[in-house]
Enquirer: 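Sharing a structure below in structure tokens format, with a few things to ask.
Order of the sequence lines sets the chain letters (A, B, ...), proteins ahead of strands, with each chain counted from 1. The shown structure was predicted, so the numbers you read here are calculated from the model rather than taken from an experiment.
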There are 2 protein chains.
Amino acid sequence: MTPPVFAHGHLRLYLLALLEEQPRHGYELIQALSDRFGGTYSPSAGTIYPRLAKLEEEGLVTKSTDGRKTVYEITDAGRAELDARRHELDAIEDDLTDSVRRLADGVRAEVNDAMRSLRAELASAAREAKRAATRTPASDAGAGGTANPHVDSNRAVHEADLVLNEFRQQVRTDLRNQAHRGRVSSEAVNLLKARLAQVRADVLATFAER
Amino acid sequence: MTPPVFAHGHLRLYLLALLEEQPRHGYELIQALSDRFGGTYSPSAGTIYPRLAKLEEEGLVTKSTDGRKTVYEITDAGRAELDARRHELDAIEDDLTDSVRRLADGVRAEVNDAMRSLRAELASAAREAKRAATRTPASDAGAGGTANPHVDSNRAVHEADLVLNEFRQQVRTDLRNQAHRGRVSSEAVNLLKARLAQVRADVLATFAER
DNA sequence: CATCGAAACGCGATATATCGCGAGACAGGT
DNA sequence: ACCTGTCTCGCGATATATCGCGTTTCGATG
């Protein structure tokens with residue numbers, strides 16, 4: 001789903017660069033990376049430790065245990081490797097800021113999907129909990145009820161979710177298409193805002209009528 | 001912030017009950033608990049392993065290593081403890097379903113806060129990234145330029161995103177509030193759909209006018 | 001019986017390490 | 001140039017364990 005943040009071998013070099021600044025233990029490197037990405041990207045342990053093991057195997061770093069921490073230190077061979085490829089490092093740094101942006105953009109979209117599934121799960125969990133709660137006391141009556149307004153209501157809400165999402169996506173696309181020609185004014189936004197408020201009010205009114 | 005899910009000593013007993021069903025390793029217990037909560041609550045390793053260590057210390061379970069796994073098995077003493085407090089277990093089970101519901105309710109509220117701060121961070125990160133991106137190419141020229149249509153356009157689009165999202169959240173909430181009273185008909189959804197299509201058309205029209 | 005302090009407890013954060021998948025790089029043949 | 005199998009690499013998931021903070025429990029002491 002999410003594309004790799006670091007290209008082939010870039011993480012290796014970047015870790016070396018971080019270790020050149022000062023000796024660090026694994027967890028510290030994870031945090032250091034997370035910091036540079038403003039928390040947007042946190043490399044997992046499964047990414048860092050195998051790389052460190054490899055670097056040690058190649059003799060570019062040495063590890064030493066300090067309490068429950070495993071501190072890694074760069075060796076002369078490591079510094080040599082780093083010097084030889086110093087120019088690549090700048091390019092990596094540039095790619096990184098790019099990756100951050102792409103990640104941030106991706107998150108915006110994914111959060112919505114996550115929200116959807118979260119809400120769906122929550123709703124189903126709530127239903128389940130309610131069933132469980134109502135089962136115990138004294139019920140399970142009316143099992144043959146053909147026209148359950150709740151079922152219809154839930155179906156309608158689900159449909160509405162889809163409608164809302166589609167609308168939102170469409171308008172977002174519309175606006176972006178216009179935006180890169182610099183044609184989206186704040187008046188247009190105000191219009192949108194006002195119209196949406198009106199729609200909401202109208203929809204709410206249909207409920208009040210009953 | 002979040003209140004404990006398990007009351008004092010309840011986790012201990014619950015783990016024992018899970019181990020009575022079958023021998024399990026630590027991670028498996030975490031997953032088993034996460035399953036019973038429908039993924040809403042996942043006990044952390046820092047919760048499980050100290051408890052297992054304690055149970056072993058008390059002689060209620062034994063551990064045996066199997067590859068990189070540490071399998072825990074209940075002892076006769078453990079079964080005795082469990083028999084002696086079997087009645088408490090039912091009460092715990094009840095509390096649990098309660099906790100799940102409270103957690104789910106809590107999540108609903110917290111997700112909104114989280115979304116808000118996430119959005120704020122994202123927005124600031126995006127601004128930062130944009131600054132960084134515009135600095136490099138060949139610009140900072142129109143530093144005093146008061147009216148850059150692209151900048152304004154992007155700002156407007158961003159604003160529109162917020163408006164769209166707020167609207168979507170509001171209507172979703174509105175519908176759900178009505179839905180659990182079974183008052184959301186498919187006509188209401190159709191109304192919504194039609195009105196939104198109209199709004200989109202109107203917004204697009206303002207661009208065509210230029 | 002109240003209260004106060006130590007021990008127990010729940011839990012997120014810290015810390016380390018391995019496994020297996022999928023995507024990409026790369027050397028070799030054709 | 002163009003496949004093709006292998007090898008590397010990034011990474012989430014799996015797995016274990018400890019630390020320190022805040023709260024709750026519970027027995028001792030007054």
Enquirer: Looking at side-chain heavy atoms only, is the closest gap between B:L33 and B:I48 below 4.5 Å?
Expert: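 The answer is yes, as the side chains (C-beta and beyond) meet within the 4.5 Å cut-off.
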Enquirer: So that I can tick it off, tell me whether B:D83 and B:R86 are bridged by a salt bridge, with the cut-off set at under 4.0 angstrom between side-chain N and carboxylate O.
Expert: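 Yes, charged N to carboxylate O under 4.0 Å.
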Enquirer: On the 0 to 90° scale, with breaks at 30° and 60°, tag the B:F37-B:F6 ring pair as parallel, tilted or perpendicular.
Expert: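 Rings of B:F37 and B:F6: perpendicular, as their planes differ by over 60°.
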Enquirer: Tell me: CZ of A:R12 to C1' of C:dG24, nearest whole Å?
Expert: 17 Å
Enquirer: Could you state the CG-P distance from B:L11 to C:dC11, rounded to the nearest angstrom?
Expert: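 The answer, rounded to whole Å, is 7 Å.
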Enquirer: For A:L52 and C:dA15, give me the distance from atom CG to atom P, rounded to whole Å.
Expert: 14 Å
Enquirer: Can you give one letter per nucleotide of nucleotides 17-27 of chain D, 5' to 3': B if a protein heavy atom sits under 4.0 Å from the base, S if only from the sugar-phosphate, - if neither?
Expert: BBS----BS--
Enquirer: Figure out the OH/P separation between A:Y14 and D:dC11, and round it to whole Å.
Expert: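 Taking atom P of D:dC11 as the reference, OH of A:Y14 is at 14 Å.
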Enquirer: Provide, to the nearest angstrom, the distance between the NE2 atom belonging to B:H10 and the C1' atom belonging to C:dC11.
Expert: 17 Å
Enquirer: Provide, to the nearest angstrom, the distance between the OH atom belonging to B:Y41 and the C1' atom belonging to C:dG12.
Expert: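 About 11 Å, once rounded to whole Å.
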Enquirer: Between A:G9 and B:K69, name the one whose nearest nucleotide on DNA chain D is closer to the 5' end.
Expert: A:G9
Enquirer: Is B:E21 paired with B:R36 through a side-chain N to carboxylate O contact shorter than 4.0 Å?
Expert: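 A salt bridge links B:R36 with B:E21.
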Enquirer: With respect to the phosphate group of D:dC11, does any side-chain polar atom (N or O) of A:S44 fall under 4.0 Å of OP1 or OP2?
Expert: no
Enquirer: Does some side-chain heavy atom of B:I92 sit less than 4.5 Å from a side-chain heavy atom of B:Y14?
Expert: yes
Enquirer: Kindly state which residues belonging to residues 21-31 of chain A come within less than 4.0 angstrom of DNA chain C, counting heavy atoms of the residue only, listed by number.
Expert: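 Residues of residues 21-31 of chain A that come under 4.0 Å of DNA chain C are, in numerical order, A:H25, A:G26, A:Y27, A:Q31.
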Enquirer: Does a side-chain heavy-atom distance below 4.5 Å link A:L55 with A:R12?
Expert: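 When only atoms from C-beta onward are counted, A:R12 and A:L55 do touch, with a gap below 4.5 Å.
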Enquirer: Do A:K63 and A:V71 touch side chain to side chain, with heavy atoms closer than 4.5 Å?
Expert: no
Enquirer: Could you check if a side-chain atom of B:L16 sits within less than 4.5 angstrom of a side-chain atom of B:E81, using non-hydrogen atoms only?
Expert: yes
Enquirer: Determine whether B:L82 and B:L13 make a side-chain contact, defined as any pair of heavy atoms from C-beta on separated by less than 4.5 Å.
Expert: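 In contact.
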Enquirer: Quick one: B:K54 NZ to C:dC11 P, roughly how many Å, whole number?
Expert: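 Between P of C:dC11 and NZ of B:K54: 17 Å.
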Enquirer: What is the distance, to the nearest angstrom, from the CG atom on B:D95 to the P atom on C:dG10?
Expert: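 One finds 14 Å between P of C:dG10 and CG of B:D95, rounded.
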